[in-house]
Amino acid sequence: MTIHALIETARKLVGDGRGLLAMDESNATCNKRFAALGIEQTEPTRRDWRELLITTPGLADSISGAILYAETIHQETTNGTPFVKALVEAGIIPGIKVDIGAKPLAGYHDEKVTEGLDGLRERLKEYRQMGARFAKWRAVLSLSQGQPSPACIEANAHALARYAALCHEADIVPIIEPEVLMDGTHGIDACQDATSAVLQSVFEQLNTQGVVLEAIILKPNMIAAGLTCDTQPSLDNVAATTVVTLLRHVPASVAGIAFLSGGQSAELASTRLNAMNVMRKSVGARVPWPLVFSYGRAIQQPALEMWHGEASNIAAAQRILVHRATCNHAAINGEYNAAMEL
Ligand code: 13P
């Protein structure tokens with residue numbers, strides 16, 4: 001494949017008005033979400049949940065790509081169709097999370113660096129052969145006094161750039177996810193400062209590694225106050241600060257921006273994405289990239305709560321899933337409103 005084909009794939013993922021479904025929780029994270037609802041935490045139950053997601057009727061109307069996990073990409077539907085094939089047949093591009101998680105950063109208390117570069121070339125080759133056309137790597141940066149430190153920012157940015165270069169070598173579009181966590185009591189200004197420093201470093205490292213930006217997707221956090229901050233900024237403030245920060249630090253050549261939801265409620269994640277796209281429409285060409293979603297919790301959680309591990313709830317859970325996907329699809333066009341909620 002040439003870089004042109006990768007650019008084409010990136011555009012299909014973020015440039016046709018749809019967004020991404022992140023369903024790549026590690027087993028530990030998936031089990032944690034199951035445990036909170038009293039759902040059994042086993043491989044067959046995780047497979048059941050992922051089959052429910054993948055086989056949801058009408059999902060492809062709003063979802064261009066789905067991010068799988070190492071366990072999930074090897075699984076099949078009940079009738080024996082590999083998940084990757086089921087996605088492709090539905091009109092959804094399969095992707096794969098390839099980092100192996102955020103580990104303690106030596107010498108820096110409570111900070112993390114994402115690992116997974118060792119053997120990544122071989123794993124990417126295998127995933128490409130299995131049908132994955134894009135990948136994801138998530139860096140996690142927490143925000144508190146003195147954090148994220150310059151050391152943590154640089155270590156994570158460097159790893160993201162090395163990962164991206166290996167993806168291109170393997171004919172895979174990399175999603176670059178430097179997540180400044182929303183957990184905490186910090187205000188929106190602190191989030192803006194930290195996110196600015198992180199994005200600046202990420203793009204410096206991507207340039208150093210010679211990564212072609214037209215063939216990457218950026219998956220950032222929105223710029224908002226911490227989830228437990230007493231004074232929450234207005235909707236317009238979040239939308240304007242996020243767009244301005246991206247304009248300052250993200251080159252126009254990047255294929256698109258696909259936000260993570262980061263623990264916001266499902267409705268808030270739709271509302272804020274919508275506000276940014278309303279703004280995008282009003283300032284036109286000043287915002288050079290599509291602004292879409294790559295949500296995990298903000299799409300899955302309401303459906304998971306309905307499913308509860310019960311086969312009899314599958315159809316109802318799928319209806320809720322497709323509803324959330326439809327709301328976020330509308331938000332990409334700046335056409336979401338609260339009246340759409342059930
Ligand atoms: P959330 O939308 O739940 O933040 O998940 C997105 C994701 O892919 C995290 O890596």
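Scope of the values below: all heavy atoms of this structure, side chains included, with no hydrogens, waters or symmetry mates. This one's a predicted model, so the numbers in the text were calculated from it and none came from an experiment. Read the numbers this way: they start at 1 and go in the same order the structure lists the ligands and their atoms.
- Closest to atom 1 (P) of ligand 1, if we only count protein heavy atoms, is Ser261 OG, 3.3 Å.
- In this structure, the side chain of Asn277 does not engage the main chain of Met279 through any donor-acceptor pair within 3.5 Å.
- The protein non-hydrogen atom at the shortest distance from atom 9 (C) of ligand 1 is Glu177 OE2, 3.3 Å.
- With respect to Lys85 and Glu89, a salt bridge is recorded, a charged nitrogen being found less than 4.0 Å from a carboxylate O.
- Proximity of Ala22 to ligand 1, defined as any heavy-atom pair under 4.0 Å, is confined to the side chain (atoms from C-beta onward).
- In summary, Glu169 and Arg128 do not engage in a salt bridge, as defined by a charged side-chain N under 4.0 Å from a carboxylate O.
- Looking at Lys12 and Glu8, no side-chain N of the basic residue comes within less than 4.0 Å of a carboxylate O on the acidic one, giving no salt bridge.
- The residues Glu341 and Arg324 are annotated as salt-bridged, a charged nitrogen and a carboxylate oxygen being separated by less than 4.0 angstrom.
- Counting only heavy atoms of the protein, atom 5 (O) of ligand 1 lies nearest to Gly296 N, 3.6 Å.
- Side chains of Thr242 and Arg272 form no contact here, defined as non-hydrogen atoms less than 4.5 Å apart.
- Proximity of Arg297 to ligand 1, defined as any heavy-atom pair under 4.0 Å, is shared by backbone and side chain alike.
- A donor atom on one side chain and an acceptor atom on the other are found under 3.5 Å apart for Gln300 and Trp49.
- For ligand 1, the atoms closer than 4.0 angstrom to any heavy atom of Tyr295 are 2 (O).
- When hydrogens are left out, the protein atom nearest atom 7 (C) of ligand 1 is Lys219 NZ, 3.3 Å; that is the closest non-hydrogen contact.
- Of the protein's heavy atoms, Gly262 N, 2.7 Å lies nearest to atom 4 (O) of ligand 1.
- Residue Lys136 approaches ligand 1 through these ligand atoms, each under 4.0 Å from one of its heavy atoms: 7 (C), 8 (O), 9 (C), 10 (O).
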